[in-house]
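Shown next, in structure tokens, is the structure this report addresses.
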Amino acid sequence: LIKQVADQSAPQLFQLMASLAELARKEGAGNSQLAQLQLAMFERSAAQRESLTAPQQVSWDLAHGRALAVGGKQQQAQLVLAQLAEDHPKSAQVQQTYAQVLTAASDKAAWPQAQLQWRRVLSRARPQGSLWYEATYGIALCYFKLGQKQEAAARIEYLQATSGLPAGP
């Protein structure tokens, strides 16, 4: 089946990969079977990537990076997304995805980099927009993971104050 899919034209293959990436996003971060299917397809169809437009290649690389992360290949995911983030510094989606993967990493060494990445996202996000809230929360989560609980609490209190959410118990 994967071989048949990989033999499709580049536009057809891109549509299929985009659909799988969307399904993976909806399923959540824990669907490793879907990630394995995506990784097998990426591997078999890597040559097709070059036939895609530049924006399609970015989408392809983002989906590949996410699939690597969910598939348990964190180091590879981080390398793919770090390069993508460097190549596309103005892309909020690229920067956000890289921050998400770093934050979700089980390797503690990635968390300071995740915090820095969330700060980059925050600096370009529209104040009080959904990306701004996610980035502010991401920074707080990194503080928490790094054992800086007071800093994390201060960020969460700031989010509560700016969003109108009720304070915790």
*Closest non-hydrogen atom pair, L62 against L81*: CD2-CD2, 4.0 Å
_Any side-chain heavy-atom pair of Y158 and T162 under 4.5 Å_ = yes
*asked:* Tell me the closest heavy-atom pair linking I156 and A140, and the distance in Å.
replied: CD1-CB, 3.8 Å
*asked:* Using a 3.5 Å distance criterion without hydrogens, assess whether the side chain of Q96 forms a donor-acceptor pair with backbone atoms of L131.
replied: no
*Locate the shortest heavy-atom distance separating L84 from V58; write the atom from each residue and the value.*
CD2-O, 4.1 Å
*Look up atom CG in L79 and atom CD in Q74, then write down how far apart they are to the nearest 0.5 Å.*
11.0 Å
_If you count every heavy atom of other residues, nucleotides or ligands that lies below 6.0 Å from Y137 atom OH, does the total exceed 12?_
no
*Taking the side chain as C-beta and beyond, is there a heavy-atom pair between M41 and Q38 under 4.5 Å?*
no
*For S59 and Q56, what are the C-alpha separation, side-chain angles and deciding distance, and is it a side-chain hydrogen bond (donor to acceptor under 3.5 Å, both in side chains)?*
CA-CA 5 Å; S59 295; Q56 288 174 328; over 6 Å; no
Contacts table for residues 102-113: side-chain donor-acceptor under 3.5 angstrom, sequence neighbours left out:
unit_1: T103; atom_1: OG1; unit_2: A99; atom_2: O; d: 2.8
unit_1: T103; atom_1: OG1; unit_2: W118; atom_2: NE1; d: 2.7
unit_1: D107; atom_1: OD1; unit_2: A109; atom_2: N; d: 3.2
unit_1: W111; atom_1: NE1; unit_2: A105; atom_2: O; d: 2.9

*Contact summary for I139 and Q115, nearest pair of heavy atoms*: O-NE2, 3.5 Å
*Taking the side chain as every heavy atom from C-beta outward, state whether Q36 and V70 have any atom pair closer than 4.5 Å.*
no
*Should W132 and Y143 be regarded as members of a common hydrophobic cluster, given that ILVMFWY residues are connected when their side-chain heavy atoms come within less than 4.5 Å of each other, either directly or indirectly?*
yes
*Could you pull out the closest heavy-atom pair between V121 and A135, with the gap in Å?*
CG1-CB, 3.9 Å
*Within 45° cone and under 6.0 Å: K149 NZ/CZ vs F144 ring*: yes
*Taking atom CD of E50 as the centre, does the number of heavy atoms from other residues, nucleotides or ligands within less than 6.0 Å exceed 12?*
yes
*Between CG of L122 and CZ of R120, what distance do you get to the nearest 0.5 Å?*
12.5 Å
*Will you find, in the side chains of T136 and R155, an N or O donor that is under 3.5 Å from an N or O acceptor?*
no
*asked:* For Q83 and D87, which I'm curious about, is there any donor-acceptor pair between the side chains at under 3.5 Å?
replied: yes
_Distance-only polar pair, side chains of Q100 and E134, donor-acceptor under 3.5 Å_ = yes
*Of all the heavy-atom pairs spanning A114 and C142, show the shortest one and how long it is.*
CB-SG, 3.7 Å
*Hey, what do you get for NE2 (H64) to CG (L39), rounding to the nearest 0.5 Å?*
5.5 Å
*Do the side chain of Q95 and the main chain of A85 share a donor and acceptor less than 3.5 angstrom apart?*
yes
